[in-house]
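To start, the structure itself, in structure tokens.
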Amino acid sequence: MNKPKHPHESGAAAGVPRPSVIQLAIKEKSALYAAYIPIFADGGLFIPTTREYSLGESVYVLISLPDDPQRYPVAGKVAWVTPAKAMGNRTQGVGIQFPRDEKSQALKLKIEDILGSHLASDRATQTI
């Protein structure tokens, strides 16, 4: 006979590690341009890190944007990994895809507003 679960136990959460927390402070528009991932429909950012992550891993990111005192929390997922010693001298790190929610949509629009005409630039980025 199955014993009822304690109300604070969650079968799905049992054994699942909590997402790691990354603080990302972007101080300049050029750094934001280099990190922004416009190909993700819901937005995303490249985060330089030497920590190893797996594709699909959940991460919680606190993002600070240039000239903005507010920090924006995003519960994203690792959508790609740039390993150490990647070709083309690419910076090691991860691409975080924003979730499909209103807060992330507002953040995506804010980032695109800050970048403005830079989005059409063909300058190299850390992403694509």
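Because the structure is a prediction, the values reported are computed rather than measured. The first residue of the sequence shown is numbered 1, and numbering continues consecutively from there.
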Are side-chain heavy atoms of V61 and P73 found at a separation under 4.5 Å?
no
With a 4.5 Å heavy-atom cut-off, do L32 and L45 have their side chains touching?
yes
Give a yes or no on this: more than 12 heavy atoms of other residues, nucleotides or ligands lie within 6.0 Å of atom CD of Q105.
yes
Could you work out, with salt bridge (charged side-chain N to carboxylate O under 4.0 Å, His left out) as the rule, every residue matching K103, not counting sequence neighbours?
none
Those residues that, when tested against T49, pass side-chain hydrogen bond (donor to acceptor under 3.5 Å, both in side chains) (two or more places apart)
none
Tested for side-chain contact (heavy atoms from CB on, under 4.5 Å) against V74, the lone hit among L62, I63, L24 is I63
Side chain to side chain donor-acceptor pair (under 3.5 Å) contacts touching residues 66-76 (sequence neighbours left out):
Q23-R71, D68-Y72
Restricting to non-hydrogen atoms, name the atom on I96 and the atom on G76 that form the minimum distance, rounded to 0.1 Å.
CG2-CA, 3.9 Å
Heavy atoms only: give me the nearest K77-G56 pair and the separation to one decimal.
CD-O, 3.4 Å
How close do S54 and V78 get, heavy atom to heavy atom, and via which atoms?
O-CB, 3.4 Å
Does K108 have any salt bridge (charged side-chain N to carboxylate O under 4.0 Å, His left out) partners at least two apart in sequence or in another chain, and if so, which?
E112
List in chain and number order the residues that pass side-chain contact (heavy atoms from CB on, under 4.5 Å) with A75, two or more places apart in sequence or in another chain; answer none if no residue qualifies.
Y60
Of all the heavy-atom pairs spanning T82 and F46, show the shortest one and how long it is.
OG1-CE1, 3.7 Å
For the student: nearest non-hydrogen atoms of Q92 and P83, plus distance
CG-C, 3.9 Å
Show every salt bridge (Lys or Arg N to Asp or Glu O under 4.0 Å) that has at least one partner inside residues 32-49, sequence neighbours left out.
D42-R100
Out of curiosity, I111 CD1 to L107 CG, how far, rounded to the nearest 0.5 Å?
4.0 Å
Value rounded to 0.5 Å, distance of CG in L65 from CD1 in I26:
6.0 Å
same_hphob_cluster(F98, L55) at 4.5 Å side-chain heavy-atom cutoff:
yes
Of all heavy-atom pairs between Y53 and V59, which one has the smallest distance, and what is that distance?
CE2-CG1, 3.5 Å
